[in-house]
Student: 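Quick one: structure below, then a few questions.
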Amino acid sequence: MNFETLEFEVKDNIGILSISRPNALNALNAKVINELGLFFESLDATVQCLILTGSGEKAFVAGADIKEMASIEKNAGEAFAKRGQTVFQLIENSPIPVIAAVNGFALGGGLELAMACDFIIASQNAKFGLPEVSLGLIPGLGGTQRLSRYIGKAKARLMVTTGDIYSAQKAYDWGLVAEVVEAEELKEKCLEMAASITKRSPLAVRLAKKSVTDGFELSQDDGMQLEAQLFGEAFASEDKVEGVNAFIEKRKPNFTGK
Ligand code: DAK
């Protein structure tokens, strides 16, 4: 599939998807949101882990496209937010892990996009914030909901009401970012993490992700039930037989994802 605003490459079952709008610091316009939706709807099993990043060195994504927003009609905000939320939900619920490799500004919709991924790896020069209030807006792509789940209610309220921008180190201290690395090591580090994922059972990886993601929204008792059910699915799989036999036979497993 050919995209105008996305670049995609895949090697050894690891995909790298870059948002590419060099003249607008990769800002999210309607085209990017639609293309992201199409991309995630058509992902096939050859990709077992995806790294999502922004092209260039300056920005992951510097927010929603402010210039496009100026032309969106007054009453179209809710529909725009719902379309974006659906696409970000598709990313969060995607059957494969999605790593956000944040290489510069992750502001507004950019941070919301990164938070829809499974975890965030940041370069030292990354900057994080939800500055919507400075534009007379509030986050509309899941930011007010996902941020408090990452860093807690008080710090989330601090971020959304001040609109201030924070360093990678602060984002790491607050639990928003899983790891901070030198800018020139970001891609390598993410590829290394992705390679640790793709050598595991794709089926078990999918179920493990689902158990954490879906379980997070449930009570602990309901989460335990979900975990037991997904454990049962893993237990009945060919990958479980292969994984256990490979351990006993002291060889590397050859997983098929079944
Ligand atoms: N949109 C459009 N263009 C952008 C942009 C953006 N968000 N960010 C940067 N650009 C463009 C700049 O206009 C400039 O283009 P030219 O003027 O050269 O044509 C080019 O990218 C380079 O940017 P700068 O020259 O400004 O670069 P600096 O290094 O000086 O500054 C910066 C970098 C990231 C600090 C600055 O560009 C900046 O403050 N950008 C805006 C950050 C921001 O406020 N982002 C929006 C957050 S609000 C909604 C749902 C969700 C949202 C909105 C509505 N609905 C439900 C309707 C989400 C809102 C947000 O994301």
Side-chain angles (χ1 to χ4, degrees), residues 1-8 15 17-44 50 52-55 59-96 98 100 102 105-118 120 128-151 153 156-157 159-165 176 209-210 213-214 216-218:
M1 203 175 277
N2 276 336
F3 295 110
E4 220 175 87
T5 64
L6 304 178
E7 289 163 4
F8 180 60
L17 182 67
S18 307
I19 297 176
S20 181
R21 295 190 65 219
N23 299 327
L25 299 185
N26 306 323
L28 300 175
N29 59 8
K31 183 118 215 156
V32 179
I33 299 278
N34 278 330
E35 291 194 342
L36 279 173
L38 290 173
F39 177 86
F40 279 92
E41 278 155 6
S42 60
L43 248 183
D44 66 40
L50 185 77
L52 177 60
T53 194
S55 77
F60 174 72
V61 166
D65 189 310
I66 299 172
K67 293 166 191 167
E68 186 182 76
M69 254 193 295
S71 64
I72 293 180
E73 174 224 326
K74 196 170 154 192
N75 298 319
E78 193 174 334
F80 178 74
K82 286 201 168 131
R83 171 69 184 140
Q85 286 175 0
T86 305
V87 172
F88 285 18
Q89 204 79 26
L90 211 53
I91 298 173
E92 186 162 56
N93 295 328
S94 131
I96 57 165
V98 182
V102 173
F105 292 104
L107 303 179
L111 175 52
E112 293 176 297
L113 175 62
M115 289 192 292
C117 299
D118 287 275
I120 301 171
F128 297 87
L130 292 177
E132 283 84 347
V133 285
S134 57
L135 297 167
L137 284 168
I138 70 164
L141 299 171
T144 60
Q145 305 307 301
R146 287 197 180 94
L147 185 62
S148 52
R149 285 164 169 80
Y150 270 86
I151 66 174
K153 221 161 37 165
R157 286 188 294 226
M159 280 185 78
V160 298
T161 56
T162 61
D164 284 347
I165 294 181
L176 180 57
K209 166 177 171 167
K210 187 173 172 57
T213 309
D214 294 1
F216 200 79
E217 302 302 328
L218 303 174

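FYI, side chains are in, hydrogens and waters are out, and symmetry mates aren't considered; it's all heavy atoms of this structure.
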Student: Side chains of Glu35 and Met1: closer than 4.5 Å at any heavy-atom pair?
Tutor: no

Student: Can you establish whether the number of heavy atoms outside Glu41 located under 6.0 Å from its atom CD is more than 12?
Tutor: yes

Student: Looking at Asn2, I want to see if its CG is surrounded by more than 12 non-hydrogen atoms of other residues, nucleotides or ligands under 6.0 Å.
Tutor: no

Student: Once salt bridge (charged side-chain N to carboxylate O under 4.0 Å, His left out) is applied, what residue pairs with a partner in residues 60-70 remain, sequence neighbours excluded?
Tutor: Arg21-Asp65

Student: Using every non-hydrogen atom in the two residues, find where Val102 and Ala114 come nearest and quote the distance to one decimal.
Tutor: CG2-CB, 4.2 Å

Student: Calculate, to the nearest 0.5 Å, the distance between atoms NZ and CD belonging to Lys82 and Glu78 respectively.
Tutor: 4.0 Å

Student: Work out which heavy atom in Phe60 is nearest to a heavy atom in Leu52; give both atom names and the distance.
Tutor: CE1-O, 3.5 Å

Student: With a 4.5 Å limit on heavy-atom distance, are the side chains of Val32 and Val61 in contact?
Tutor: no

Student: I'd like to check the salt bridge (charged side-chain N to carboxylate O under 4.0 Å, His left out) partners of Glu4; sequence neighbours left out, ordered by chain and number.
Tutor: Lys31

Student: Minimum heavy-atom separation for Leu130 to Val160, with atom names?
Tutor: CD1-CG1, 3.8 Å

Student: So which atom in Ser55 and which in Ser20 form the shortest heavy-atom distance, rounded to 0.1 Å?
Tutor: OG-OG, 3.3 Å

Student: Show the numbers, then the answer: is there a side-chain contact (heavy atoms from CB on, under 4.5 Å) between Asn26 and Phe105?
Tutor: CA-CA 10 Å; Asn26 306 323; Phe105 292 104; over 6 Å; no

Student: For the aromatic rings, using the six-membered ring if either is Trp, is the centroid distance between Phe8 and Phe39 under 6.0 Å?
Tutor: yes

Student: Which atom pairs, donor and acceptor, lie under 3.5 Å between side-chain atoms of residues 139-146 and protein residues at least two apart or in another chain?
Tutor:
from	atom 1	to	atom 2	distance (Å)
Arg146	NE	Glu92	OE1	3.3
Arg146	NE	Glu92	OE2	3.2
Arg146	NH2	Glu92	OE1	3.0

Student: Are the side chains of Leu176 and Leu147 in touch, meaning some heavy atoms are under 4.5 Å apart?
Tutor: yes

Student: Are Ile19 and Leu6 side-chain neighbours, meaning at least one heavy-atom pair lies under 4.5 Å?
Tutor: yes

Student: Looking at Ser94, is its backbone amide N or carbonyl O close enough to the side chain of Lys209 to form a donor-acceptor pair, meaning the two atoms are under 3.5 Å apart?
Tutor: yes

Student: How long is the gap from SG on Cys117 to CE on Met115, to the nearest 0.5 Å?
Tutor: 10.5 Å

Student: For a 4.5 angstrom cut-off between non-hydrogen side-chain atoms, does Glu112 reach Leu28?
Tutor: no

Student: Show the nearest heavy-atom pair for residues Phe128 and Leu107, with the distance to one decimal.
Tutor: C-CD2, 4.1 Å

Student: Minimum heavy-atom separation for Leu38 and Phe3, please, with both atom names.
Tutor: CB-CE2, 4.1 Å

